[in-house]
A.B. asks: 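Below are the structure tokens for one structure; questions will follow.
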2 protein chains.
Amino acid sequence: MADISRPSASPGASPLFLREDEIRRGVELLYFGYTRLTNAIDQELAKQGLGRAHHRALYFIARQPDLTVGELLRLLAITKQSLGRVLKELHDRDLVVTKTGPLDRRQKLLRLTDSGAALEAELFAQLRERLSAAYVTAGQESVTGFWHVLEGLVPESDRQMVFDLRKDKA
Amino acid sequence: MADISRPSASPGASPLFLREDEIRRGVELLYFGYTRLTNAIDQELAKQGLGRAHHRALYFIARQPDLTVGELLRLLAITKQSLGRVLKELHDRDLVVTKTGPLDRRQKLLRLTDSGAALEAELFAQLRERLSAAYVTAGQESVTGFWHVLEGLVPESDRQMVFDLRKDKA
DNA sequence: CAAGATACGTCAACATGGCTGACATATCTC
DNA sequence: GAGATATGTCAGCCATGTTGACGTATCTTG
């Protein structure tokens with residue numbers, strides 16, 4: 001295969017070679033990479049009778065315990081009715097518990113139960129397997145490039161929210 | 001903001017620093033990057049009364065004119081019934097035309113009409129805007145890293161199909 | 001050339017996970 | 001005490017995926 005990282009042999013049109021083909025390449029790889037990664041856990045989810053919507057909620061609750069419902073809504077960017085359905089199912093299956101917010105009693109803080117955490121860990125293991133294989137093949141330098149481009153795709157208005165996932169809650 | 005691209009300050013556990021946090025970072029950025037990019041065209045699509053499924057079909061037909069129905073099915077990885085509904089709507093709106101395959105008359109080759117191509121171009125312009133902004137911010141080296149990691153996420157069995165999108169049909 | 005495989009289309013029923021709109025309750029803030 | 005806010009919930013709708021069954025035209029092969 002030709003070296004896909006080499007830009008056009010005739011530069012000059014643009015300092016960063018933003019030719020149509022390079023954009024389409026990104027669109028396609030993002031599409032296939034994302035969909036194939038999410039496919040990796042569908043079978044596991046189906047065993048539990050859960051769907052991808054449940055996994056997204058489990059994932060973010062695992063990532064940031066004591067997340068509020070409102071914060072989760074902002075992350076998922078769906079309506080509260082849609083999320084309500086998902087959270088109710090997770091609660092009914094004893095995968096998620098809520099507690100009243102200590103500072104603001106209107107809030108509900110979300111946490112995984114032990115079995116919720118176990119399920120999330122099992123699903124995460126699939127993601128880790130795929131993603132770490134891709135990381136290893138591409139190399140650490142590529143991984144940081146991968147991150148940088150994706151960060152640029154997140155609108156300014158959402159960026160802080162995404163970065164904050166890596167912090168413990170105040 | 002801290003330099004998010006710098007790996008752990010305490011390497012040694014793994015030669016490529018495959019700590020949980022680095023995997024989660026990839027999962028999240030992929031999720032937000034992908035969903036926010038696709039959100040970029042939803043409004044445009046809604047104007048036409050079309051959905052994302054229609055866009056995916058338009059995109060791949062634009063990318064590889066004279067694609068067969070079977071090839072498109074493999075790319076989208078959905079059932080023929082689902083695709084049939086989408087193609088029928090695109091055909092009814094005069095965005096796509098089919099012609100009988102010249103070598104194998106069972107096949108139908110898909111092509112955009114002029115108005116289909118115009119719509120696809122308009123949608124593509126949105127993607128280009130977002131993605132090229134991200135490319136410029138990240139720099140060419142990051143872009144190649146971005147590609148390499150995503151390639152690693154595409155299963156071996158699908159990889160040739162994805163690469164072949166960039167070639168003219170035989 | 002006949003038989004079977006293949007490419008495509010279509011009918012029907014159903015599941016998932018989004019959406020809007022309307023309204024209720026508890027709690028916080030001013 | 002009045003109004004804003006965080007959450008929940010009922011009801012119905014839509015987009016887009018699924019399975020299963022079946023039909024037709026065309027290609028391929030023994």
A.B. asks: Using the side chain to side chain donor-acceptor pair (under 3.5 Å) criterion, which residues pair with B:Arg105? Sequence neighbours excluded.
C.D. replies: none

A.B. asks: Can you tell me which residue pairs pass the salt bridge (charged side-chain N to carboxylate O under 4.0 Å, His left out) test with a partner in residues 27-41 of chain A, sequence neighbours excluded?
C.D. replies: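 Pairs touching residues 27-41 of chain A that pass the test: A:Glu28-B:Arg63, A:Arg36-B:Asp158.
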
A.B. asks: How many whole angstroms separate atom CG of A:Leu90 from atom P of D:dG8?
C.D. replies: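 Going from CG in A:Leu90 over to P in D:dG8 covers 13 Å.
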
A.B. asks: Looking at B:Glu151 and A:Arg25, is any side-chain nitrogen of the basic one under 4.0 Å from a carboxylate oxygen of the acidic one?
C.D. replies: yes

A.B. asks: Please enumerate all residues that pass side chain to side chain contact (heavy atoms under 4.5 Å, CB included) together with B:Gln160, with sequence neighbours excluded.
C.D. replies: B:Phe163, B:Asp164, B:Lys167

A.B. asks: How would you list, by chain and number, every residue that makes a ring-ring contact (aromatic ring centres under 6.0 Å, His included) with A:Phe124, sequence neighbours excluded?
C.D. replies: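 For A:Phe124 there are no ring-ring contact (aromatic ring centres under 6.0 Å, His included) partners, ignoring immediate neighbours.
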
A.B. asks: Does the protein touch nucleotides 24-30 of chain D at the base, only the backbone, or not at all? Give it as B, S and - per nucleotide, heavy atoms under 4.0 Å.
C.D. replies: -BBS---

A.B. asks: Sequence neighbours left out, cut at 3.5 Å: what donor-acceptor pairs do the side chains of residues 73-82 of chain A make with other protein atoms?
C.D. replies:
| residue | atom | partner | partner atom | Å |
| --- | --- | --- | --- | --- |
| A:Thr79 | OG1 | A:Ser82 | N | 3.3 |
| A:Thr79 | OG1 | A:Ser82 | OG | 3.2 |

A.B. asks: Any base atoms under 4.0 Å from A:Gly84, or only sugar-phosphate, or nothing? Heavy atoms, all strands.
C.D. replies: nothing

A.B. asks: Counting primed atoms plus P, OP1 and OP2 as sugar-phosphate and everything else as base, spell out the protein contacts along nucleotides 15-23 of chain D at 4.0 Å heavy-atom distance: B, S or - for each nucleotide, 5' to 3'.
C.D. replies: -BBBBBB--

A.B. asks: Please list, in 5' to 3' order, the outermost nucleotides of DNA chain C lying under 4.0 Å from any heavy atom of chain A.
C.D. replies: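 Listed 5' to 3', the contact boundaries are C:dG17 to C:dC28.
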
A.B. asks: Less than 3.5 Å apart, any donor N or O on the side chain of B:Arg130 or B:Asn39 sitting next to an acceptor on the other?
C.D. replies: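 Result is no, nothing qualifies.
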
A.B. asks: Identify, with sequence neighbours excluded, every residue that meets salt bridge (charged side-chain N to carboxylate O under 4.0 Å, His left out) alongside B:Arg106.
C.D. replies: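 Per chain and number, B:Arg106 pairs via salt bridge (charged side-chain N to carboxylate O under 4.0 Å, His left out) with B:Asp104.
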
A.B. asks: Is the count of non-hydrogen atoms from other residues, nucleotides or ligands lying under 6.0 Å from B:Glu141 atom CD greater than 12?
C.D. replies: no

A.B. asks: Please name the residue in the list B:Leu119, B:Leu112, B:Asp114, B:Ile61 that meets the side chain to side chain contact (heavy atoms under 4.5 Å, CB included) test with B:Leu95.
C.D. replies: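 Exactly one pass, corresponding to B:Leu119.
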
A.B. asks: Taking the side chain as every heavy atom from C-beta outward, state whether B:Lys88 and B:Arg85 have any pair of such atoms under 4.5 Å apart.
C.D. replies: no

A.B. asks: With sequence neighbours left out, what residues match B:Glu120 under side chain to side chain donor-acceptor pair (under 3.5 Å)?
C.D. replies: A:Arg24

A.B. asks: List the residues meeting salt bridge (charged side-chain N to carboxylate O under 4.0 Å, His left out) with A:Arg159, not counting sequence neighbours, and say none if there are none.
C.D. replies: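 Partners of A:Arg159 under the salt bridge (charged side-chain N to carboxylate O under 4.0 Å, His left out) test: A:Glu156.
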
A.B. asks: If we fit an axis to the first five pairs and another to the last five of the helix from C:dC1-D:dG30 to C:dC30-D:dG1, what angle do they make, to the nearest 10°?
C.D. replies: 30°

